[in-house]
Engineer: 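One structure, pasted below without further comment.
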Amino acid sequence: MQLNVPDRDYMHSGHVGCPGCGAAVAMKFVLRALGNKTIMVLPACCWSIIAGPYPQSTLQIPLIHSAFETGGAMASGVRAALDVKGDKETCVVTWAGDGGTFDIGFQALSGAVERNEDFIYFCYDNEAYMNTGIQRSSSTPYGAWTTTTPGRDWKRMRKKNIVEALVAHRIPYAATASIAYPEDLLRKVSKARSIKGSRFLHIFASCPTGWRIPSEISVKIARMAVQTNIFPLYEVENGRKYTINFMPKGYLVKEYFKLQGRFKHLSESDLDQIQAMVEEDWELLLRKAGVPLQG
Amino acid sequence: MAKRIGMEVSIAAAEAVALADVDVIAAYPITPQTHIVEHLSELVANGHLDAEFIPVESEHSAMSCCVGSAAAGARTFTSTSSQGYALMSEICYIAAGLRLPIVMLTANRALSAPISIWNDHADMMMSRDTGWIQTVAENGQEVIDLVFHAFRVAEDQRVLLPVIVNLDGFILSHMIEPMILLDKEEVDRYLPPYRPKLRLDPKEPITMGPVGMPEVYTESKVAHDEALKASRAVITEAWKEFGDLFGRYYHPVETYKTEDAETILITMGSISETAMTAVDAMRADGRSVGLARIRLWRPFPTEELIAAVKGARTLAVMDRALTLNGVCGPVCAELKSALYDRDLHPYLQNYIVGLGGRDVTVQNFMEMSDGVVEAAERGAPMGYEIINVRE
């Protein structure tokens, strides 16, 4: 397939990520679609490290590292400064992990999109605080082991549905994307870049270190998350118009779960329960998108 | 031409910020800072000020917004108080560490609990070591003059540090006072346009604030400390030039009848004006008393303060904040350290005054002044005392 995006990379070769890091793949693709007329705000997350310590940087765009919970606010400030100078061309983006988005940065994100600040907020989601050593976040899925949901206290709360929370703000554009579907990801970044106001991209980015998987199946796992309906690909315009971008073929969630060490404690009945939860969420999404239920 | 105005100090402060042609304002409401940012949003809304006003959802986001704005090269302002200041303090360190010339007005207020919306200096002291330049105003005229000075110093290429102008909440922020406000042409003469050498710019990409490994972190702190130290010369130079242009001169430590004084009171902030009245009354009564007022809190004016007080036998040091169970209050601690370094041993007492909006009267100053002399004669141990405590 021919991609209608420049193939110029804005990452230098070499970074400080773990082998198989989905977040590094996500950054590479996103920067291709964004281009270099971009200023990035980077709140604390894995990428604070991946980009490299002073005096090195793997990123070729202007970048400000910042505190954990500042993604929405700091980007608002950068945007305001550019607006005052009459620079409408430069795209302001925030690049944050799930902890900085779902948890500690949620207030600043909500504030920024309520003001409909003109920026793109990217959340690369590896489903826990991976940089600090695999602690649970509100993005950690039901059933997962982390270092703060250890042993029999594995996480028994659902993953927060961050896209729906953003959709509730009626922002111009909110979408999910995955490192395993680069065409879809690049198209969504390009589309987001062409829209004014607050835009939100939720990118599924696997983490071999934290998920206890071999690094070579990083992309495969991300693909399975989509194919099992655990992480559906869809986009929502103006808080109302839902479009589902990938209709899965009905793979069972246990195929996805059994490859990952973080889920190895789950019983068959746990997996059946999770299967039912995933189906319930999927049907809810189909209804919102106005797609008739199958079967 | 500068004009005489009679105005609430908060409103005049906002007018001064507007005259400084600020580009971006991000703020969250907190008593008693509110009138400052309300008036600025009004000036933006009615077209008198061409700036972006961002009504953020918290003080933490206010300072985060300011960091983003200043990093992208805009002249940036915010204002806060107390709990809001506490909330944003994480980012205050980042603003200074990134050497971003943000200007902030702090309407000083006590910290909870219990809840108090009234004035003291607990918030100023909590953020003492953020690495910002901090000046302190005693009256409305000083507030507006210090605002122009703040932008001028912050943006000086020899400095590049954020600046806080402290003004006492309510006691000063909500007073209606006569002031002289510069006009636009005068401000422009004093404050050149802000042209940052480094900013977030796709044409010349830079990284700001990456991880500093142990090999570089200390050096980065040394650079910050040296920058703050070097800012002293620019701060006084900018005050000198302000005085030469507009006739009002400011100094890191302002003295009042200290030359021959046997007892010197040391104050900071709006209580200084009451203290001056007390000094006059005591002088009229034949007592040898003077007053040293600290205008520059950071960088601390060690030499100037020593020069002001070294002839005195007894010192009464006022702190409007409590260092619970420390040796003494924060102002007194600085002074004591400086005296020790110079092998000077005047008798001194530290008085904790005016917490949570409690009045500090002329009578109080006279009692503290007499009290320190009496304590010296008695040979009482030097320590701190909280005055005006109800039984």
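Predicted model, so just to flag it, every value in this text is computed and none were measured. Each chain gets a letter, A, B and so on, in the order its sequence line appears, and its residues count up from 1.
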Engineer: Given a strict heavy-atom distance threshold of 4.5 Å, which part of B/Asp201 is in contact with chain A: side chain, backbone, both, or neither?
Structural biologist: backbone
Engineer: Sort B/Val56 into side chain, backbone, both or neither according to what part of it lies under 4.5 angstrom from a heavy atom of chain A.
Structural biologist: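 Answer is both: backbone and side chain atoms of B/Val56 are under 4.5 Å from chain A.
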Engineer: Answer with side chain, backbone, both or neither: which region of B/Ala71 has an atom nearer than 4.5 Å to a non-hydrogen atom of chain A?
Structural biologist: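 Interface part for B/Ala71: side chain.
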Engineer: Side chain, backbone, both or neither: which part of B/Arg199 has a non-hydrogen atom closer than 4.5 Å to chain A?
Structural biologist: side chain
Engineer: For the residue pair A/Ala80 and B/Glu52, what are the closest heavy atoms and their distance?
Structural biologist: O-CG, 3.6 Å
Engineer: Side-chain contact test, heavy atoms from C-beta onward, threshold under 4.5 Å: evaluate it for A/His65 versus B/Thr207 and give yes or no.
Structural biologist: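 SC-SC contact between A/His65 and B/Thr207 confirmed.
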Engineer: Do A/Glu69 and B/Glu90 have side chains that get closer than 4.5 Å, going by heavy atoms?
Structural biologist: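 Yes; the side chains approach each other to less than 4.5 Å.
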Engineer: Tell me, side chain or backbone of A/Glu117 under 4.5 Å from chain B's heavy atoms, or both, or neither?
Structural biologist: side chain
Engineer: So, taking the atom named CE in A/Met74 and the one named CD1 in B/Ile91, what distance separates them when rounded to the nearest 0.5 Å?
Structural biologist: 5.5 Å
Engineer: I'd like to know if the side chain of A/Lys37 reaches the main chain of B/Lys203, judged simply by a donor and an acceptor atom lying under 3.5 Å from each other, with no hydrogens or angles considered.
Structural biologist: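 Flag not set: sc A/Lys37 to bb B/Lys203 has no pair under 3.5 Å.
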Engineer: Run the salt-bridge test on B/Glu57 and A/Arg115 with the 4.0 Å N-O cut-off and return the result as yes or no.
Structural biologist: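 Here B/Glu57 pairs with A/Arg115 in a salt bridge, since their nearest N and O are under 4.0 Å apart.
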Engineer: Top residue by heavy-atom pair count (under 4.5 Å) with chain A, among B/Gly212, B/Cys66, B/Ala62, B/Pro55?
Structural biologist: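 Result: the option with the highest number of such pairs is B/Pro55.
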Engineer: For A/Tyr54, does the OH atom have more than 12 heavy-atom neighbours from other residues, nucleotides or ligands under 6.0 Å away?
Structural biologist: no
Engineer: Do B/Pro202 and A/Ile39 make a side-chain contact, defined as non-hydrogen atoms from C-beta onward lying under 4.5 Å apart?
Structural biologist: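 Yes. Closest side-chain heavy atoms under 4.5 Å.
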Engineer: OG1/A/Thr70 to CD1/B/Ile94 distance, rounded to the nearest 0.5 angstrom?
Structural biologist: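 Output value for this atom pair is 6.5 Å.
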Engineer: Compare all side-chain heavy atoms of B/Leu98 with those of A/Ile64 and state whether any distance is below 4.5 angstrom.
Structural biologist: yes
